[in-house]
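First the structure, in the form of structure tokens, and then the observations on it.
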Amino acid sequence: MAEDHPITPDEARHAEANALLGTVGVGRAKVDSETSQRASRRWWDADAAAYHETHADFLGVDSPDGEFIWCPEGLHEGDWRLLGDITGKRILEIGCGSAPCSRWLAAHGAHPVGLDLSRQMLERGLAAMTSGGPHVPLVQAGAEALPFADSSFDLACSAFGAVPFVADSAQVMREVARVLRPGGRWVFSVNHPMRWIFPDDPGPEGLRATIPYFDRTPYVELDGEGEPTYVEHHRTIGDRVREIVAAGLTLVDIIEPDWPEWLDREWGQWSPLRGEIFPGTAIFVTEKPGR
């Protein structure tokens, strides 16, 4: 980091995790699935406490029944019903974190299972469940090899979980298609792909396009030994669509949320300034054909 580069609030929030992991630099490098998964597990374990200190209220983590917030723009499943009818449905949440979405689904008549790579994130979810509300089974595993039988779930969802952090997101789509029953719906939200071209800055500097949209080389943070401590992968809109279709799924909709007038909260790179100009989130709504 250059000496004249001001510390952003998001960088300050991540200071503890970076110190624990020994992060000393950033770069762009090809990263395989095993390395990416190891980095993600370590990162989210190290950052779990600080993440919840900042975001738990917005996400409803400590609400007895949880909340289902799709993105920093505040879209709530209760209003949008992107999953459709959830009553009595068996639902897999991929990258559930502390599982507020899964707990909300359970409180509204569904039978969810939460899956996440990070033990510390899952432990935070278990702690939240001790305060009351529904108890949801949680599974520690990666998204590229789901530990479930074929056609195990009616629905699947992911609110900024797993998909941006895996090396092979096409494999995630295939795995979800495998565990979904025919007619099942798979809905996931991710950073809007066009955000890749801008610096992760909620202010005016975040309005300058500096990185090629078509450069899919992962963003990597590294420790002193050159080992990745954080990895994020980029796919274009077209890449996402092709991965969905190649998995045998049907693309129903792509939602690009407007920034709501009532929301003055910054979340990392998300801010009212940027949100008024270009989208921060893309939500892909897909279905598995058949009944």
Side-chain angles (χ1 to χ4, degrees), residues 10 12-23 33-72 77 90-108 110-148 152-153 156-166 172 175 179 188-189 221 223 227-232 267-268:
D10 205 44
R13 182 182 75 74
H14 294 315
E16 182 178 354
N18 285 328
L20 286 170
L21 298 173
T23 303
S33 290
E34 182 180 354
T35 303
S36 186
Q37 180 168 288
R38 182 168 61 248
S40 289
R41 182 186 293 112
R42 294 176 63 212
W43 170 261
W44 290 108
D45 278 350
D47 196 52
Y51 177 88
H52 284 91
E53 183 177 342
T54 304
H55 301 305
D57 287 346
F58 183 78
L59 295 175
V61 171
D62 294 314
S63 169
D65 290 342
E67 296 291 352
F68 197 136
I69 309 297
W70 277 109
C71 53
E77 175 60 15
R90 185 166 164 80
I91 305 177
L92 174 62
E93 184 186 3
I94 297 174
C96 67
S98 53
C101 297
S102 284
R103 289 187 286 118
W104 184 88
L105 291 169
H108 288 79
H111 304 293
V113 175
L115 176 142
D116 201 274
L117 194 62
S118 165
R119 182 175 182 84
Q120 292 305 312
M121 294 294 277
L122 294 173
E123 292 284 358
R124 184 64 173 79
L126 291 172
M129 288 185 226
T130 64
S131 299
H135 283 246
V136 173
L138 303 178
V139 177
Q140 185 179 12
E144 291 167 284
L146 299 175
F148 305 105
S152 299
F153 295 94
C157 59
S158 183
F160 275 82
V163 177
F165 306 107
V166 298
V172 176
E175 278 290 275
V179 303
F188 65 95
S189 59
E221 297 179 1
D223 65 16
E227 180 73 15
T229 59
Y230 178 91
V231 181
E232 193 163 335
W267 178 321

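Each residue takes its place number in the sequence, starting with 1. All of these numbers come straight from a predicted model, not from anything done at the bench.
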Carefully, step by step, assess Trp44 and Phe165 under the rule ring pair (Phe, Tyr, Trp, His ring centres under 6.0 Å). CA-CA 11 Å; Trp44 290 108; Phe165 306 107; 5.7 Å; yes
Does the side chain of Leu20 come within less than 4.5 Å of Arg42's, by heavy atoms? no
Does the Thr130 side chain pair with the main chain of Ala127, one donor and one acceptor, at a distance under 3.5 Å? yes
State whether the side chain of Glu175 and the backbone N or O of Leu146 hold a donor-acceptor pair below 3.5 Å, judged by distance alone. yes
Ignoring hydrogens and geometry, is there a side-chain-to-backbone donor-acceptor pair from Glu93 to Ser102 under 3.5 Å? yes
Value for CZ (Arg90) from CZ (Phe153), rounded to nearest 0.5 Å, stands at 4.0 Å
Indicate the atoms forming the closest heavy-atom contact of Leu122 with Leu138, along with that distance. O-CD1, 3.8 Å
Answer whether the closest heavy-atom distance between the side chains of Val61 and Tyr51 falls below 4.5 Å. no
For Asp45 versus Ser118, what's the shortest heavy-atom pair and its separation? OD1-OG, 2.6 Å
Please report the C-alpha distance between Asp62 and Arg124 in whole Å, then the side-chain angles of each, then the deciding distance to 0.1 Å, and finally whether the salt bridge (charged side-chain N to carboxylate O under 4.0 Å, His left out) criterion is met. CA-CA 10 Å; Asp62 294 314; Arg124 184 64 173 79; 3.0 Å; yes
Quick one: does Ser158's side chain have a donor or acceptor within less than 3.5 Å of a partner on Phe188's backbone? no
Any side-chain heavy-atom pair from Val231 and Thr35 closer than 4.5 angstrom? no
According to the interplanar angle, ranging from 0 to 90°, do the rings of His55 and Trp267 count as parallel (below 30°), tilted (30 to 60°) or perpendicular (above 60°)? parallel
Roughly how far apart are Asp116 CG and Arg41 CZ, rounded to 0.5 Å? 10.5 Å
Any Pro134 side-chain heavy atom under 4.5 Å of Asp65 side chain: yes
Contact between Glu53 and Glu16 at the side-chain level, heavy atoms closer than 4.5 Å - yes or no? no
Grab the two heavy atoms, one from Ala159 and one from Ile69, that are nearest each other, plus how far apart they are. CB-O, 3.7 Å
Under the 3.5 angstrom rule, does the side chain of Ser189 hit a backbone N or O of Phe160 as a donor-acceptor pair? yes
Going by side chain to side chain donor-acceptor pair (under 3.5 Å), name the pairs with one or both residues in residues 133-144, residues two or more places apart or in two chains. Ser33-Glu144
Does some side-chain heavy atom of Trp43 sit less than 4.5 Å from a side-chain heavy atom of Asn18? yes
So, for Cys157 and Ile91, which heavy atoms are closest and what is the spacing to 0.1 Å? SG-CG2, 4.1 Å
With a 4.5 Å heavy-atom cut-off, do Tyr230 and Thr23 have their side chains touching? no
When rounded to the nearest 0.5 angstrom, what distance separates CD in Gln120 from CD in Glu123? 6.0 Å
Please report the closest heavy-atom contact between Ala39 and Pro228, naming both atoms and the distance. CB-O, 3.5 Å
Arg103 side chain vs Val136 backbone, donor-acceptor pair below 3.5 Å: no
Considering all heavy atoms, the nearest Ser98-His52 contact: OG-NE2, 2.7 Å
